[in-house]
Amino acid sequence: MTVTTDNGKRWAWCQGGIGQAARQLLVQAAASRQRRVLLLAGARDWVRAGADEILAAVGQPVESAWLGAEAPAGMTAVVAGKVSRLLGQELRLLVVDAYAGFDPDAVGAAIGALVGGGLLVLLTPPLARWERYPDPEHARIAVAPHGPEAVTGRFLRRLARLLAEAPPEEVYRVEQDRPLPPLPGTLAAPPPAALPPYASEEQRQAVEALLRVATGRVRRPVVLIADRGRGKSAALGLAAARLLAAGTMRIALTGPRLEAVRAVFEHAVRQLPQARLRPGQLESGQGKLWFVPPDALASERPAADLLLVDEAAAIPVPLLLRLLQHYPRVAFTTTVHGYEGTGRGFLLRFLRALAARTPERRLLRLETPVRWAPHDPLERLSFRLLLLDAEAAPDRAAAAARPDSIRLEWLDRDALVEDEALLSELFGLLLQAHYRTRPFDLRHLLDGPNVEILVQRQGPHVVGAALLALEGGLQPALAAAVQRGERRLRGHLLPQSLAFHLGLAEGAALRCVRIMRLAVHPACRQRGLGGILLAAVAARAKAGGWDAVGSSFGGDAELLRFWQRCGFQPVRVGMTRGSRSGEHALLVLQALSPLGQSLLASARRQFLRDLPAQLAQPLRDLDPELAVLLLPDDATAAALDADDCRQLVAFAHGRRSYGDSLGALQRLVLAAGAALAGLSAAQRRLLLAKVMQGRDWSEVAELGSWPGRAAAEEALRQAVRQLLQQGGLSPPANGFPGASMV
């Protein structure tokens, strides 16, 4: 047949045509309950004409979507930024238009919605030239003064190579000016499914475990861990249905978004046809299942007999722990290899915290896919393309790393993209070490025009890595506009924060090296390897004439201690908790030049001046142990006079009320400096939470496990007595001789 495109060009398909090939692929996919991939690679008009023929041949099922803005009539167009609308859907046909831009996160999300028996049609430029295509996604990677044209095509080069190398059963390639290839062989039929309503024996066991959480002893949470398509959400819905059918159970359900948990409601209502279903709520008899957003759940704490947390890795760990503390019966599900980066970094962190709080928690891994048959070709392909299953170096190899055995290497990214083993090990380390590393981070790592990569190697293996962004050096007019809030540039996080948040216009001119990621293999931590990485980054930056090196990260006390030991000083705390980390962002700097030293001094001076007021209001919920580390350790922020000392001694010995002593107590905390380290962790939390943050006595008592206000207040008096003794101050017989802590 002959196809005529919009610009009048004509191409002849070989006998049988691409439409017939697509039909046969769908037949094969349905027979095996697996998914097939059809790749059309060529000029834009050519691949679009091929897609039109495919749609004409196979029809446009209701369960179809076109990832890209220019979908044909009658087909649902989904742009990358709105791909979350596909969550919970079951697609039979998915077209990904790479000419509209290849967003790895969006493609990963859309692929997960394609069920067994479905077909993915991928439209790309010619594979040999794809890396030179001006992909619209370049605009998201470019950082001033670099334009989109400065973004390299390494990521696309790798995609093209892997697609070209894929076997026919993974990718059926149809390329312009080449004959239509023979169809791949038919895949094996799937094994018989488990007895309804369960899609697998593993899913049945998961439902039984969920029921035990709801009806057994309290404080025994269960965590369902699996890749996408394993039926985690379905298990939640099936368990909820059985509980609702049995009585008056109140089941709260939370997740990153209502649309992300739609499958839970759908599976529950299938088992309860008489139930009343409304958006976000299912009622059956006197029981109900209802959705509550995570932040509302933490703040409002509605009464519930059971809490179900779907896709827990998309919710900040601190928030999850607050929910765990309040609700005695909780079940979590989480994705291991997620397109949102919701994998092993979360698991390592969350499971450690969970084990410390609930030793009798139970972990279940769902291995058998239920949305498609095992050994699905598209799953294998997507994992390889997006490095979703990238693994860090083996523990045995990494455990041998020592400061005197590792070597530092600045990576050439042109060589890196050709070394699949090295790239996979590097990205696997980042996935393991960080809370949320997404597939798009892989593209940015390879193509960002201002990115550099330093790794530590133990033999051939990567055991540490620093991912850097070169920022700043903005021109005066642009720097002033940033300070006034009139301009916001992509990237340049450190200099823009100095200019806008701290009001230091000259900060935007600062030439900074920002450490975006710092990772050390878990098998060789606590050996000084992270400090070696930071020292090497600072040395290279200083030799290159840069003014400062710094970072911004979701802060906790242990992490900040590490950065402070390495010579970095905090200069800003974010006023709100990050939506991803659930923590307040910390910005730390180390000066490398006279200009950097001047800016750091100004930033520190303003930061310490404003911190007391911030702790009392916007930072009132900051972890008190972290707040202690933000205070100066040189006892120069405040001075105590004779009146302060008299008031403090009177308070410490029960002769003066807390309210009457508050001003002196605040000045004591600010003046104590390094003396705070002599207190216990509970005492430090008490001082910061009550004196500086003004928390209620009930909340303060809960922080330190004191039975009530009287016990907490006595503990506060004892902490003050200890500080006074460390400072050489003792109760005077007549008057007070001292006026300083030191």
Side-chain angles (χ1 to χ4, degrees), residues 62-63 76 82 84-92 112-113 115 193-200 203-204 206-216 218 221-222 224 229-312 314-315 319-320 323 326-333 370-371:
V62 174
E63 307 91 350
T76 301
K82 301 293 185 181
S84 61
R85 64 189 291 186
L86 297 179
L87 297 179
Q89 293 192 33
E90 295 188 350
L91 300 178
R92 304 290 173 181
V115 297
L195 293 176
Y198 308 109
S200 71
Q203 190 181 72
R204 186 195 67 78
V207 170
E208 294 299 327
L210 292 168
L211 296 178
R212 284 194 291 274
V213 171
T215 59
V218 298
V222 66
L224 304 183
R230 267 61 182 174
K232 302 183 306 300
S233 298
L236 294 182
L238 292 170
R242 286 183 57 178
L243 291 169
L244 291 175
T248 60
M249 183 74 67
R250 298 168 300 167
I251 307 171
L253 169 66
T254 193
R257 296 169 298 274
L258 174 58
E259 59 191 2
V261 301
R262 181 167 53 183
V264 179
F265 286 101
E266 290 177 349
H267 282 85
V269 78
R270 288 174 192 170
Q271 306 304 313
L272 299 168
Q274 304 303 317
R276 302 176 296 281
L277 178 63
R278 293 182 291 169
Q281 184 167 310
L282 176 68
E283 296 179 351
S284 177
Q286 299 301 309
K288 71 172 182 177
L289 167 72
W290 81 106
F291 175 78
V292 188
D295 52 350
L297 192 65
S299 60
E300 300 170 10
R301 299 182 179 182
D305 302 306
L306 174 67
L307 172 61
L308 303 178
V309 183
D310 200 12
E311 290 299 354
I315 300 172
L319 195 154
L320 292 176
L323 297 178
H326 181 72
Y327 292 98
R329 300 182 185 276
V330 190
F332 304 91
T333 77
V370 299
R371 301 190 79 186

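No hydrogens, no waters, no symmetry mates; every other heavy atom, side chains included, goes into these values. If you read the sequence from its start, that first residue is 1, and numbering goes on from there.
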Could you name each residue pair satisfying salt bridge (Lys or Arg N to Asp or Glu O under 4.0 Å) that touches residues 240-253, not counting sequence neighbours?
Glu208-Arg242, Arg250-Asp305
Qualifying residues under side chain to side chain contact (heavy atoms under 4.5 Å, CB included), relative to Ala209, sequence neighbours excluded
Arg212, Val222, Arg362, Leu364
Return the minimal non-hydrogen interatomic distance between Ser200 and Gln203, and the atom names on each side.
OG-N, 3.0 Å
Minimal heavy-atom distance between Glu63 and Glu90, with the atoms involved, is CB-O, 3.1 Å
Has Arg371 got a side-chain atom pairing as donor or acceptor with Val115's backbone, closer than 3.5 angstrom?
no
Would you say Val261 and Leu236 make side-chain contact, with heavy atoms under 4.5 Å?
no
Residues which pass side-chain hydrogen bond (donor to acceptor under 3.5 Å, both in side chains) with Arg204, listed by chain and number, not counting sequence neighbours
Glu201
By side-chain hydrogen bond (donor to acceptor under 3.5 Å, both in side chains) - contacts of Gln281 (at least two apart):
Glu283
Provide the full list of side-chain hydrogen bond (donor to acceptor under 3.5 Å, both in side chains) pairs with a residue in residues 284-302, sequence neighbours left out, each pair given once.
none
State whether the side chain of Gln271 and the backbone N or O of Ala241 hold a donor-acceptor pair below 3.5 Å, judged by distance alone.
no
Can you sort out the partners of Thr333 under side-chain hydrogen bond (donor to acceptor under 3.5 Å, both in side chains), two or more places apart, ordered by chain and number?
Asp310
Give the intermediate values and the outcome of side chain to side chain contact (heavy atoms under 4.5 Å, CB included) for residues Leu224 and Leu210.
CA-CA 9 Å; Leu224 304 183; Leu210 292 168; 4.2 Å; yes
Okay, side chain of Ser233, backbone of Val264: is any donor-acceptor separation there less than 3.5 Å?
no
Residues Val213 and Val330: closest non-hydrogen pair is CG1-O, 3.6 Å
Partners meeting ring pair (Phe, Tyr, Trp, His ring centres under 6.0 Å) with Phe332 (sequence neighbours left out)
Phe350
Do you know which two heavy atoms are closest between Leu320 and Ala312, and how far apart they sit?
CD1-O, 3.5 Å
